[in-house]
Amino acid sequence: MKNSKYWIENLSLMPHPEGGYYKEVYRSDKLFRPKDFPGPRSYMTSIHFLLEKGDVSHFHSIKSDELWCYHAGDPLTVVVLYPEGTLKKLIIGPNLECGEVLQAVVPKGAVFGSRSNGEYSLVGCIVSPGFDYNDFKLFTTSELLKTFPHFSGIIKEFSRERY
């Protein structure tokens, strides 16, 4: 039976700044200049992303839509804070009869974080326009509490005061 160490080793995953492990697996060769971006971007990028039990992907946002796709392991919960002040939990996993989905989109500009619902979760994340660290923002607890004070419990679970 495969475990998280198998995937980390065989996919050559590295620690991710937001938490968990990742490896970029695709970046389109062609670039374009999307509206409201500070420079050219790839049309699309994708990564493998893995979270182990007890680890979280801390709240962050990007300037592009991100498509999450289930690959292996346990279901993954993606917690999304929308700019208008609402929260939604997306469960990415293979158990469709339990309301899980194989794919879900986090829209550009939303604040989101994730955690495995078991021992580990392996997903793919596809970003278009392609991911660039200039478009990435990792949020502190105090920053998020100013905007979303009514979600203080979950904000404290998915953020830190310092990174």
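Along the sequence shown, residues carry numbers from 1.
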For Gln103, the side chain to side chain donor-acceptor pair (under 3.5 Å) test, sequence neighbours excluded, returns none
Applying side chain to side chain donor-acceptor pair (under 3.5 Å), can you list everything that pairs with Lys137, at least two apart in sequence or on another chain?
Glu143
Side chains of [X] and [Y]: do they bring a donor and an acceptor to under 3.5 Å?
X      : Y      : result
Asn117 : Thr77  : yes
Glu161 : Ser142 : yes
Glu18  : His60  : yes

Does CD in Glu9 sit with more than 12 non-hydrogen atoms of other residues, nucleotides or ligands closer than 6.0 Å?
no
Excluding sequence neighbours, so at least two apart, what forms ring pair (Phe, Tyr, Trp, His ring centres under 6.0 Å) with His16?
Tyr22, Phe49
Which heavy atom of Ile126 sits nearest a heavy atom of Ser46, and at what distance?
CG1-CB, 3.9 Å
If two hydrophobic side chains count as joined below 4.5 Å and joins carry through other members, does Leu51 share a cluster with Tyr21?
no
Lys23: partners by salt bridge (Lys or Arg N to Asp or Glu O under 4.0 Å), with sequence neighbours left out
none
Decide whether a cation-pi geometry holds between Lys63 and Phe37; the criteria are a distance under 6.0 Å from NZ or CZ to the six-membered ring centre and an angle within 45° of the ring axis.
yes
Give me the other members of the hydrophobic cluster that Leu144 sits in, counting Ile, Leu, Val, Met, Phe, Trp and Tyr linked by side-chain heavy atoms under 4.5 Å, directly or via other members.
Val56, Phe59, Val79, Leu81, Leu87, Val111, Phe139, Leu145, Phe148, Phe151, Ile154, Ile155, Phe158
Residues clustered with Met1, ILVMFWY side-chain links under 4.5 angstrom
none
